[in-house]
Amino acid sequence: MLDMKFIRENPDAVLQNVANKNEKVNVQELLDLDAQRRTLVQETDALKNQRNVTSEEIAKLKKNKEDATVKIEEMRTVGDSIKANDDKLREIEEQMQFIVLRIPNMMHSSVPVGASADDNVEVRSTAQRIPQEFRKNHLEIAKQLGILDFERGAKVSGSGFGFYTGKGATLERAMINMFLDLHIAQHGYTEMMPPFVVNRASMLGTGQIPKMEDDMYHCTVDDLFLIPTAEVPLTNYYRDDVLNEKDLPTKFAGYSACFRREGGSYGKDTRGFLRVHEFNKVELVKFVKPETSYNELELLVGDVEDILRALELPFRVLQLCTGDTGFSSAKTYDLEVWSPAEQKFLEVSSCSNFESFQARRANIRFRNEQGKLEFVHTLNGSGLATSRIMVALLEHHQTEDGRIRIPEALRPYTRFDWIG
RNA sequence: GGAGAGGUGCCUGAGUGGCCGAAAGGGCCGGUUUGCUAAACCGUUGUACUCUGUAAAAGGGUACCGAGGGUUCGAAUCCCUCCCUCUCCGCCA
């Protein structure tokens with residue numbers, strides 16, 4: 001959420017940013033409502049002031065056993081006006097809220113303007129576009145080795161769900177543990193195990209709602225949502241809190257299952273693990289001081305790169321252009337691993353700086369040196385999602401005779417060196 | 001699921017219709033005292049919106065005592081709904 005004061009003072013920049021991000025929002029209407037609101041607030045506050053002053057007079061009159069009926073009668077109409085104004089005010093504020101919640105975050109000045117993923121910029125790459133050669137795609141090899149079962153996943157739950165079986169399940173568990181351990185021991189994150197179900201306010205706080213509400217699994221009787229990422233509970237951990245400056249940056253690493261309906265994305269990367277309704281992910285979340293947030297973003301990307309290196313997977317880092325950057329983000333890097341089977345890069349992580357956008361929505365603040373309250377900056381990144389990494393491992397570490405070599409870094413966790 | 005208790009400022013805790021943005025104590029910050037520490041004493045101590053205004057400041061108004069409604073000239077205080085916490089019972093991992 002953007003600061004209303006900022007929108008009021010920089011309407012052109014906001015409009016340009018909305019256009020750059022391919023969003024459609026009626027900013028002008030918001031500005032009109034804002035002007036209306038301020039006039040109304042002044043009027044109403046004056047009436048309330050009158051009521052307060054007169055009420056005190058009435059109290060005095062009554063104390064002296066004098067007659068106050070005239071003033072009481074007078075205040076009755078003032079009270080009615082106040083009520084009418086407050087109703088109108090509430091209506092205006094609801095309309096404003098509706099629009100403000102749909103205005104995307106301002107892009108950082110370093111983000112290239114572009115329409116789509118084609119305009120993203122490669123920052124660095126360790127990846128060679130190796131050919132497919134003997135490699136089977138992850139579904140084939142997984143089936144052959146008996147480590148994933150999507151058919152029974154579909155029977156039991158539906159399309160887009162899978163079982164990990166045998167060594168596949170062990171490998172999955174091993175990855176989660178390895179990722180967590182690395183971030184905790186080497187990168188200084190605090191481990192968190194969040195709830196996988198959150199309330200509406202939390203979804204609103206991190207910005208999934210209202211824009212993405214249809215992509216969430218929603219338990220209507222309780223108005224609770226299955227989380228699409230641990231970002232939601234981890235960031236909302238500090239919703240409505242005031243953090244100590246000395247505790248910043250605060251860094252969380254948390255595992256969760258992630259649930260996404262993926263409505264409307266059928267036909268795109270739908271095979272096997274490329275797009276599923278439920279997957280496992282270790283998420284990294286940071287709460288930082290505003291002046292350090294861009295440096296923290298670079299460090300965050302580095303933390304994720306360390307995992308990819310440990311897994312011996314070639315990758316590249318992309319800086320997303322304006323059109324491809326998420327709604328809440330000011331700047332995002334994607335990390336992609338080359339898929340020999342698909343002959344294309346697959347996104348495995350997305351690292352974003354949200355600046356104060358989420359903090360303002362979720363009301364997460366800290367007290368600065370001057371003792372003033374200030375919104376923190378929040379960041380997060382996948383570190384990493386296991387489903388896409390499973391795909392990458394099965395493809396990259398596949399041998400010609402159809403076996404999978406477990407990278408050194410994972411072996412203490414799997415307790416086996418090969419699958420097959 | 002049943003029964004009860006409760007949610008007040010950074011914390012403890014008072015406050016059952018007007019003098020309550022809110023007693024008292026503690027904490028915090030500033031000051032005095034002090035060889036140092038401690039103690040004592042004095043003072044200060046919220047947030048949001050809005051208006052006036054400045055280089056920065058400062059000041060006025062409004063709102064906020066879990067959330068949202070209602071009653072009333074006037075609500076922390078009365079009524080309704082919801083949320084949360086705690087205790088006991090039942091049920092169950």
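Letters A, B, ... mirror the listed sequences (proteins, then strands); counts begin at 1. Just so you know, these numbers use all the heavy atoms, side chains as well, and skip hydrogens, waters and symmetry mates. It should be emphasised that the depicted structure is a prediction, and the values quoted were computed from it without experimental measurement.
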Quiz item: Does CZ in A:R152 sit with more than 12 non-hydrogen atoms of other residues, nucleotides or ligands closer than 6.0 Å?
Solution: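 Counting neighbours around CZ of A:R152, 12 or fewer heavy atoms of other residues, nucleotides or ligands fall under 6.0 Å, so no.
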Practice problem: Would you indicate whether A:M192, at its atom CE, is surrounded by more than 12 heavy atoms from other residues, nucleotides or ligands within a distance under 6.0 Å? | Solution: yes
Quiz item: Using a 3.5 Å cut-off on both pairing distances, which stems of three or more Watson-Crick or G-U pairs include RNA chain B?
Solution: B:1-7 with B:83-89, B:10-12 with B:24-26, B:29-32 with B:40-43, B:46-52 with B:58-64, B:66-70 with B:78-82
Answer yes or no: does a side-chain N or O of [X] lie under 4.0 Å from OP1 or OP2 of [N]?
| X | N | answer |
| --- | --- | --- |
| A:R37 | B:rC49 | no |
| A:K83 | B:rU71 | yes |
| A:R76 | B:rU72 | no |

Quiz item: Considering residues at least two apart in sequence or located in another chain, which fulfil the side-chain contact (heavy atoms from CB on, under 4.5 Å) criterion with A:D240?
Solution: A:N363
Which part of the nucleic acid, if any, lies within contact of [X], taking any heavy atom under 4.0 Å across all strands shown: a base, the sugar-phosphate backbone alone, or nothing?
| X | result |
| --- | --- |
| A:K372 | nothing |
| A:R8 | sugar-phosphate |
| A:K60 | nothing |

Exercise. Rounded to whole angstrom, note down the P distance from B:rG70 over to B:rA56.
Key: 41 Å
Quiz item: Which heavy atom in A:P194 sits nearest to a heavy atom in A:L234, and how many Å separate them?
Solution: CB-CD2, 4.2 Å
Quiz item: So, for A:N353 and A:S293, which heavy atoms are closest and what is the spacing to 0.1 Å?
Solution: ND2-OG, 2.9 Å
Quiz item: To the nearest Å, how far apart are A:N85 CG and B:rC49 C1'?
Solution: 16 Å
Quiz item: Which whole-number value in Å describes the distance from A:I82 CD1 to B:rG70 C1'?
Solution: 16 Å
Self-check item: Residues within residues 46-54 of chain A bordering RNA chain B, heavy-atom distance below 4.0 Å
Solution: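 Under 4.0 Å from RNA chain B: A:K48, A:N49, A:R51, A:N52.
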Quiz prompt | A:E93: salt bridge (charged side-chain N to carboxylate O under 4.0 Å, His left out) partners, not counting sequence neighbours | solution =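 Result, salt bridge (charged side-chain N to carboxylate O under 4.0 Å, His left out) vs A:E93: A:R37.
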Practice problem: Please figure out whether A:A59 or A:T44 has its closest RNA chain B nucleotide nearer the 5' end. | Solution: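 The residue closer to the strand's 5' end, by nearest nucleotide, is A:A59.
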Quiz item: Mapping A:V41 and A:G79 onto RNA chain B by nearest heavy atom, which one lands closer to the 5' end?
Solution: A:V41
Quiz item: If you measure from the Lys or Arg side-chain nitrogens to the Asp or Glu carboxylate oxygens, is any gap between A:K21 and A:E23 under 4.0 Å?
Solution: no
Exercise. Could you check which of B:rG18, B:rU50, B:rU47 has an atom nearest any side-chain atom of A:Q42?
Key: B:rU50
Self-check item: Among B:rU50, B:rC73, B:rU62, the one nearest A:K62 by side-chain distance
Solution: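 In terms of side-chain proximity for A:K62, the closest of B:rU50, B:rC73, B:rU62 is B:rC73.
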Exercise. Can you run down the ring pair (Phe, Tyr, Trp, His ring centres under 6.0 Å) pairs that involve residues 352-371 of chain A, sequence neighbours left out, and say none if there aren't any?
Key: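 Output for this query lists A:F327-A:F357.
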Quiz item: Which ring pair (Phe, Tyr, Trp, His ring centres under 6.0 Å) pairs, counting each pair once, include a residue from residues 209-245 of chain A, with sequence neighbours left out?
Solution: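 Those involving residues 209-245 of chain A are A:H218-A:F225, A:Y237-A:F252, A:Y238-A:F252, A:Y238-A:F287.
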